[in-house]
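Below is one structure, written out as structure tokens; comments come after it.
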Amino acid sequence: MEDRDFDVVVVGCGCAGAIAAFVAAKKGKSVLVVERGEYAGAKNMTGGRLYAHSLRSVLEEYGAGEVDWDDIPFERKIVHERIALMDKASACTVDFSSEELGRETCDSYSVLRAPFDQWLSQLAEQAGCEVLCGMAVDELLRNDDGAIYGIRVGEDRITAHVVIVAEGANSLLTERCLGAPRPRPHQMAVGIKECFELPAGVIEDRFLCQPGEGAAMLFAGDCTHGYVGGGFMYTNKESISLGLVATIGHLQEADTTICQMLDDFKKHPAVAPMISGATLVEHSGHMVSEGGYDMVPRFVYDGCLVAGDAAMLCMNLGYQVRGMDFAIASGRLAAEAACEAIDSGDASCSALSAYKEAMESSFVIKDLKAYRSWPQVMDGWSGMFNEYPSMATAALNKLFTVDGSPSVPLKKRLKPIVKQYGIVKLARELKRAVDAL
Ligand SMILES: Cc1cc2nc3c(=O)[nH]c(=O)nc-3n(C[C@H](O)[C@H](O)[C@H](O)COP(=O)(O)OP(=O)(O)OC[C@H]3O[C@@H](n4cnc5c(N)ncnc54)[C@H](O)[C@@H]3O)c2cc1C
């Protein structure tokens with residue numbers, strides 16, 4: 001192999017990039033990470049709950065004895081789940097808490113990306129990587145045969161045997177330099193989030209949690225004014241992350257903005273008490289891919305691999321949002337394939353295709369494939385965001401109210417509510433959703 005400045009260059013120091021760099025360095029490779037933020041995490045945002053399994057497995061394999069799980073800047077262990085269907089003034093909420101949610105191997109944690117990504121970046125640096133912050137990669141360098149052999153940062157050209165692109169969901173390099181297709185507006189969403197500071201004790205009282213433990217809540221319906229999307233709430237140590245996600249395609253058709261949706265969401269009677277008396281300390285926005293498996297682009301090229309959100313590895317099931325665990329796993333698999341190829345003296349697409357095989361046999365592609373039709377179901381399911389919340393409210397109002405008038409059997413009360421929407425339509429929609437899940 002020709003001489004290069006580094007064995008591996010990684011673009012982006014988010015979950016995928018930092019873990020790819022860490023693994024490659026642990027395998028003895030010289031690694032440079034280039035991050036456009038002033039520091040890792042400066043430009044990042046997530047909802048955010050991290051399902052910890054892929055981080056645990058990579059640390060067990062490559063950081064055993066060096067990384068103390070308790071040193072990871074997690075916010076709270078999530079042991080309390082809520083899902084709410086909301087109309088303008090009410091919310092029908094499923095509330096679930098279980099020890100199982102906190103059990104090792106299926107545990108999950110709320111995270112704030114600024115501290116979490118800085119920790120990931122330090123992990124990579126301690127393994128021997130160079131991390132260059134405050135500089136954006138402008139271009140991937142290609143030789144006459146079309147193989148990628150490095151990056152351009154401003155006037156500087158830096159060469160590598162393998163470039164791992166982990167630039168996140170707004171993946172301009174993969175589009176511009178690798179020819180990945182531009183996602184369609186209905187496949188991408190915009191996320192908006194605010195963080196509200198509250199004392200730890202108030203959070204624990206408000207969300208019925210023990211110290212160190214926390215709650216997650218997802219919302220559908222009026223939070224996005226009935227457009228496809230949803231709301232989220234995660235408790236951190238001393239703050240609450242509250243936000244919305246809405247698909248760009250639907251926002252283009254909407255008669256309002258996502259900022260207005262968030263303003264209204266915060267005033268909703270089911271949400272306002274959660275942040276009452278809290279201080280707004282942060283506001284952020286970010287893109288997120290919502291198209292599932294069908295929007296995953298090619299992710300193996302001559303001299304180059306694509307990992308994490310840059311490869312559109314994200315999944316929003318409505319009751320579960322996953323991207324960070326995919327990013328960590330794909331970063332690891334990309335680094336392993338890159339190191340193997342470098343060791344064999346061949347970084348061509350066919351040598352690097354071990355990454356594709358590893359991804360296909362891992363949970364990443366298997367899970368995305370398992371829920372492949374879900375994004376289309378959600379995208380065309382207007383009832384879920386409009387009529388279902390109203391039906392649930394009407395049904396529960398009838399169930400729980402007592403005004404002294406003679407009682408009517410439940411079946412008789414519910415029939416007109418369901419009939420108005422259409423029993424066949426409802427049954428068909430529910431079957432379609434169950435089939436997709
Ligand atoms: C509102 C919202 C809520 C979400 N909720 C969850 C959740 O609860 N759980 C979950 O698991 N996932 C969630 N996700 C998805 C999750 O955040 C992503 O899947 C995950 O962050 C992907 O990690 P990544 O490393 O691939 O990309 P990123 O974390 O986006 O990292 C990419 C990095 O590359 C850098 N970069 C970009 N371009 C360049 C360049 N040209 N040069 C140098 N550096 C560059 C960026 O600054 C950034 O640091 C959510 C996403 C959003 C937007």
Side-chain angles (χ1 to χ4, degrees), residues 9-21 32-55 75 78 108-114 116-118 120-121 131-140 151-154 163-177 188-194 216-218 229-234 241-246 258 262 284-290 299 306-317 319-332 334 364:
V9 162
V10 180
V11 182
C13 199
C15 299
I19 290 297
L32 173 72
V33 188
V34 183
E35 164 56 48
R36 71 185 169 139
E38 285 304 310
Y39 53 87
K43 297 226 175 243
N44 267 351
M45 149 320 197
T46 192
R49 163 213 288 230
L50 171 76
Y51 291 95
H53 61 107
S54 53
L55 181 63
E75 293 294 317
I78 303 295
S108 67
Y109 300 85
S110 50
V111 290
L112 291 168
R113 290 299 293 271
F116 184 64
D117 286 18
Q118 284 177 77
L120 285 172
S121 161
V131 181
L132 195 64
C133 287
M135 300 205 180
V137 173
D138 297 307
E139 189 189 349
L140 304 178
I151 56 167
R152 182 174 64 76
V153 181
V163 175
I164 298 179
V165 179
E167 59 174 340
N170 194 15
S171 53
L172 300 174
L173 288 175
T174 57
E175 251 181 77
R176 273 202 313 254
C177 307
M188 293 301 286
V190 59
I192 177 171
K193 175 173 113 169
E194 290 186 349
M217 186 161 181
L218 295 174
F232 58 86
M233 187 289 306
Y234 297 98
S241 297
L242 186 73
L244 297 175
V245 170
I258 194 160
L262 184 61
S284 54
H286 206 282
M287 305 256 282
V288 57
S289 61
E290 298 261 301
F299 47 80
V306 185
D309 270 13
M312 305 295 155
L313 306 173
C314 197
M315 195 165 81
N316 181 354
L317 297 179
Y319 58 90
Q320 205 181 69
V321 183
R322 289 172 64 190
M324 289 185 282
D325 60 331
F326 289 167
I328 288 169
S330 63
R332 169 195 181 154
V364 179

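All residue numbers refer to positions in the sequence shown, counting from 1. Atoms within a ligand are numbered from 1 in the order they appear, just like the ligands themselves.
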Which one of [options] has a non-hydrogen atom at the shortest distance from [atom]?
| atom | options | answer |
| --- | --- | --- |
| atom 21 (O) of ligand 1 | R113, M312, R36, M324 | R113 |
| atom 27 (O) of ligand 1 | S241, G168, S121 | G168 |
| atom 16 (C) of ligand 1 | V10, T46, L172 | T46 |

Interatomic spacing from CZ in R176 to OG in S171 - rounded to 0.5 Å: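 These two atoms lie 10.5 Å from each other.
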
Counting both backbone and side chain atoms, is some N or O of [X] under 3.5 Å from an N or O of ligand 1?
| X | value |
| --- | --- |
| A327 | no |
| L313 | no |
| V137 | yes |
| V288 | no |

Within less than 4.0 angstrom of ligand 1, does [X] place any heavy atom?
| X | value |
| --- | --- |
| L50 | no |
| K193 | no |
| F326 | no |
| C15 | yes |

Under a 4.0 Å heavy-atom limit, does [X] contact ligand 1 with its side chain, its backbone, both, or neither?
| X | answer |
| --- | --- |
| R322 | backbone |
| A18 | neither |
| Y51 | neither |
| V245 | side chain |
| D138 | neither |

Where do [X] and [Y] come nearest, in terms of heavy atoms and distance?
| X | Y | value |
| --- | --- | --- |
| V165 | L140 | CG2-CD1, 3.9 Å |
| C133 | G37 | CB-O, 3.4 Å |
| C15 | M324 | SG-CG, 3.8 Å |

Given I328 and D325, is the side chain to side chain contact (heavy atoms under 4.5 Å, CB included) satisfied, shown in steps? CA-CA 5 Å; I328 288 169; D325 60 331; 5.8 Å; no

Name all residues meeting the salt bridge (charged side-chain N to carboxylate O under 4.0 Å, His left out) criterion together with R332; count only those two or more places apart in sequence or in a different chain, and write none if there are none.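 For R332, the residues satisfying salt bridge (charged side-chain N to carboxylate O under 4.0 Å, His left out) (neighbours in sequence not counted) are E61, E336.
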
Is there a side-chain contact between S110 and R49 in this structure, where contact means two heavy atoms from C-beta onward sitting under 4.5 Å apart?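 Side-chain contact under 4.5 Å: no.
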
Heavy atoms, side chains only, cut-off 4.5 Å: are V288 and V245 in contact? yes

Who pairs with F116 by ring pair (Phe, Tyr, Trp, His ring centres under 6.0 Å), at least two apart in sequence or on another chain?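 Once residues adjacent in sequence are excluded, F116 has no partner under the ring pair (Phe, Tyr, Trp, His ring centres under 6.0 Å) criterion.
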
